There are 2 protein chains.
Amino acid sequence: MAYQSERLIAQTREVREASGVSQRALSKRAGLTQSHISQIESGKMEPGLSSFIDITRALDLELMLVPKKLVPAVLGLVKAQATPNMHIHAGQPNDKRFARAERLVKKMKELYGSSADLDRVEDTLRFLRRVNLNDQEMQLVRELIARLERYQASDQAAPIVRDIAQNLQRLRNSIAHGGSAEPRAAYSLDEGDDDA
Amino acid sequence: MAYQSERLIAQTREVREASGVSQRALSKRAGLTQSHISQIESGKMEPGLSSFIDITRALDLELMLVPKKLVPAVLGLVKAQATPNMHIHAGQPNDKRFARAERLVKKMKELYGSSADLDRVEDTLRFLRRVNLNDQEMQLVRELIARLERYQASDQAAPIVRDIAQNLQRLRNSIAHGGSAEPRAAYSLDEGDDDA
DNA sequence: TCCTCCGATATAGGATCATGCATCACTCAA
DNA sequence: TTGAGTGATGCATGATCCTATATCGGAGGA
């Protein structure tokens with residue numbers, strides 16, 4: 001329950017996963033228990049304000065109060081910068097990450113059948129794997145993969161897969177298409193992508 | 001305790017007071033009890049995340065997650081918009097005057113210890129700072145601040161501080177209560193000042 | 001004066017947070 | 001297979017949140 005905080009909690013989870021930080025590692029940094037964090041992230045309990053602040057701090061985030069009128073502006077600011085920030089500890093080397101993601105896609109295709117979107121995901125992953133990605137780009141890929149893992153079994157998976165496919169392809173195009181390209185970044189630190 | 005959340009809580013209190021909303025009115029909007037809000041604001045208890053979100057929502061604020069790196073930028077954004085485009089006297093000498101006065105009060109509290117009157121002065125200054133004052137009102141504030149500066153070190157300071165506190169609070173009440181109907185609040189929150 | 005509103009405080013009881021274990025099923029690498 | 005890592009789950013205990021209700025002193029306004 002507690003629909004109000006769902007979005008904030010989901011954001012911390014996305015950042016944590018995108019940074020390659022495990023619940024146990026986070027629990028040590030934040031001074032909480034892994035069990036506690038698991039229950040919070042899975043919506044089984046509602047954290048106290050200070051617990052939640054501990055979590056955000058441990059993720060190098062800050063909880064800020066913003067007048068409603070300025071929310072879109074702040075959102076734009078955050079989105080534009082796409083936080084190439086968390087080097088904390090890349091849990092896995094990149095190609096392992098890609099390998100795992102490709103296995104996941106393969107499994108999904110077996111379980112739920114092939115789809116154009118899954119094909120696109122597979123295709124772009126294969127491409128991106130062979131390219132040198134900068135921090136920002138890698139960050140984006142990490143987040144997209146994390147989302148894919150999280151929602152793989154959801155009955156809402158279809159539109160999410162579609163969105164992931166689009167983001168991956170956009171990244172691929174911007175790379176293949178000549179160096180600069182804008183930090184197109186459909187980023188995660190804002191709009192909730194979930195859920196029901 | 002809970003130093004991390006103190007700042008956020010203090011902010012909600014400032015916004016609430018600046019909007020002329022009582023704890024009781026806020027409690028109705030947020031769906032909490034007045035006693036609860038009092039204890040939170042005075043630091044006697046730590047709210048749950050959802051309770052705190054209820055409070056912020058009721059104050060037309062949004063709780064946002066921002067990468068630490070972007071905090072200064074967001075702060076600048078918020079601060080820039082904090083005062084509406086209302087016809088403020090150019091150059092903001094008023095703001096500086098308030099800032100100076102608040103520093104003075106803080107210093108006095110350090111030197112001579114806290115007192116109810118100093119607290120009142122501090123509170124009312126914080127309120128008045130965010131409000132558009134007409135010439136007459138600003139004149140009164142100027143005089144009061146000048147008196148405070150003049151008598152800060154006097155051994156007769158106590159009754160003078162008391163008198164200043166009373167005058168400031170009277171002014172605040174007349175404004176918050178809509179007495180003189182004029183430009184008004186920087187933070188506009190609909191005036192549902194009712195309560196039980 | 002009487003009345004209203006303010007914020008702070010007290011009490012009691014029920015709900016839930018949070019910890020500290022332990023354990024589970026799962027995935028991956030050696 | 002074995003060992004390590006992941007997140008989810010269970011459970012007992014203690015802490016504290018949160019409500020509901022009532023009261024208090026202080027500050028106006030009628």
Side-chain angles (χ1 to χ4, degrees), chain A residues 1-2 5 9 12-13 16-17 19-28 30-55 89 91-93 95-104 106-107 145-146 149-150 152-153, chain B residues 1-2 5 9 13 16-17 19-28 30-55 115-117 119-120 123-124 127 162-163 165-179 191-196:
Chain A
M1 292 304 178
S5 39
I9 292 174
T12 62
R13 174 173 209 158
R16 180 183 64 76
E17 291 179 343
S19 317
V21 179
S22 71
Q23 289 183 347
R24 282 185 172 85
L26 176 59
S27 74
K28 279 192 172 182
L32 309 173
T33 58
Q34 179 264 332
S35 143
H36 194 189
I37 291 180
S38 171
Q39 288 180 328
I40 290 170
E41 285 190 350
S42 57
K44 297 200 181 307
M45 93 165 39
E46 188 90 5
L49 176 59
S50 55
S51 296
F52 188 68
I53 291 180
D54 288 336
I55 291 175
H89 191 61
Q92 308 176 7
D95 39 343
K96 286 186 184 176
R97 200 180 296 272
F98 275 110
R100 187 168 157 181
E102 290 180 17
R103 273 196 304 275
L104 173 60
K106 189 182 168 194
K107 197 183 94 186
I145 291 177
E149 287 186 5
R150 186 139 24 87
Q152 57 173 295
Chain B
M1 285 304 184
S5 40
I9 292 173
R13 176 175 207 154
R16 180 183 64 77
E17 293 180 341
S19 315
V21 179
S22 71
Q23 289 182 347
R24 283 183 172 86
L26 176 60
S27 75
K28 281 186 100 179
L32 310 173
T33 58
Q34 179 265 331
S35 136
H36 194 188
I37 291 179
S38 170
Q39 288 181 327
I40 290 170
E41 285 190 349
S42 58
K44 297 196 182 307
M45 97 167 31
E46 188 88 4
L49 177 58
S50 56
S51 295
F52 188 67
I53 291 180
D54 288 337
I55 291 175
S115 76
D117 290 326
D119 286 341
R120 264 205 300 168
D123 278 345
T124 48
F127 170 81
R162 180 172 200 77
D163 185 62
Q166 284 177 349
N167 275 286
L168 285 174
Q169 185 145 23
R170 198 170 303 137
L171 174 59
R172 168 186 164 166
N173 289 338
S174 80
I175 291 174
H177 200 272
E191 308 278 320
D193 74 318
D194 69 300
D195 60 14

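Naming convention: chains lettered A, B, ... in sequence-line order (proteins, then strands); numbering from 1 in each chain. The model shown is predicted, which means the values in this text are computed figures rather than measured ones.
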Contact between [X] and [Y] at the side-chain level, heavy atoms closer than 4.5 Å - yes or no?
| X | Y | value |
| --- | --- | --- |
| B:Glu17 | B:Arg13 | yes |
| B:Ile9 | B:Pro47 | yes |
| A:Thr12 | A:Leu26 | no |

Closest contact, heavy atoms only, A:Ala25 versus A:Ser22:
N-OG, 3.0 Å
To the nearest 0.5 Å, what is the distance between CD1 on B:Ile37 and OG on B:Ser42?
11.5 Å
Nearest 0.5 Å, what's the CE-OG distance between B:Met45 and B:Ser35?
7.0 Å
With no hydrogens and no angle check, is any side-chain donor or acceptor of A:Ser27 less than 3.5 Å from a backbone partner on A:Arg24?
yes
Rounded off to whole Å, could you give me the [atom1]-to-[atom2] distance for the [X] and [N] pair?
| X | N | atom1 | atom2 | answer |
| --- | --- | --- | --- | --- |
| A:Met45 | C:dA15 | CE | P | 16 Å |
| A:Leu32 | C:dC17 | CG | P | 14 Å |
| A:Leu49 | C:dT16 | CG | C1' | 16 Å |
| A:Glu17 | D:dA8 | CD | C1' | 13 Å |
| B:Phe52 | D:dC18 | CZ | P | 12 Å |
| A:Glu46 | C:dC17 | CD | C1' | 10 Å |

Would you say D:dA20 has OP1 or OP2 under 4.0 Å from some side-chain N or O of B:Thr33?
no
Is there a side-chain contact between A:Ser51 and the phosphate of C:dA18, meaning an N or O under 4.0 Å from OP1 or OP2?
yes
Taking side chain to side chain donor-acceptor pair (under 3.5 Å) as the test, write out the residues that go with B:Glu41, two or more places apart.
B:Arg16, B:Gln23
At what angle, to 10 degrees, do the two end axes of the helix from C:dC2-D:dG29 to C:dA30-D:dT1 meet, given five pairs define each axis?
40°
Out of A:His36, A:Lys28, A:Gln34, which residue meets the side chain to side chain contact (heavy atoms under 4.5 Å, CB included) rule with A:Leu32?
A:His36
Could you run down the sub-3.5 Å N/O contacts of the protein with nucleotides 8-10 of chain C?
residue, atom, partner, partner atom, Å
C:dA8, OP1, B:Arg13, NH2, 3.1
C:dA8, OP2, B:Gln23, NE2, 2.7
C:dA8, OP2, B:Ser38, OG, 3.1
C:dA8, N7, B:Gln34, NE2, 3.1
C:dA8, N6, B:Gln34, OE1, 3.2
C:dA10, N6, B:Ser35, OG, 3.4

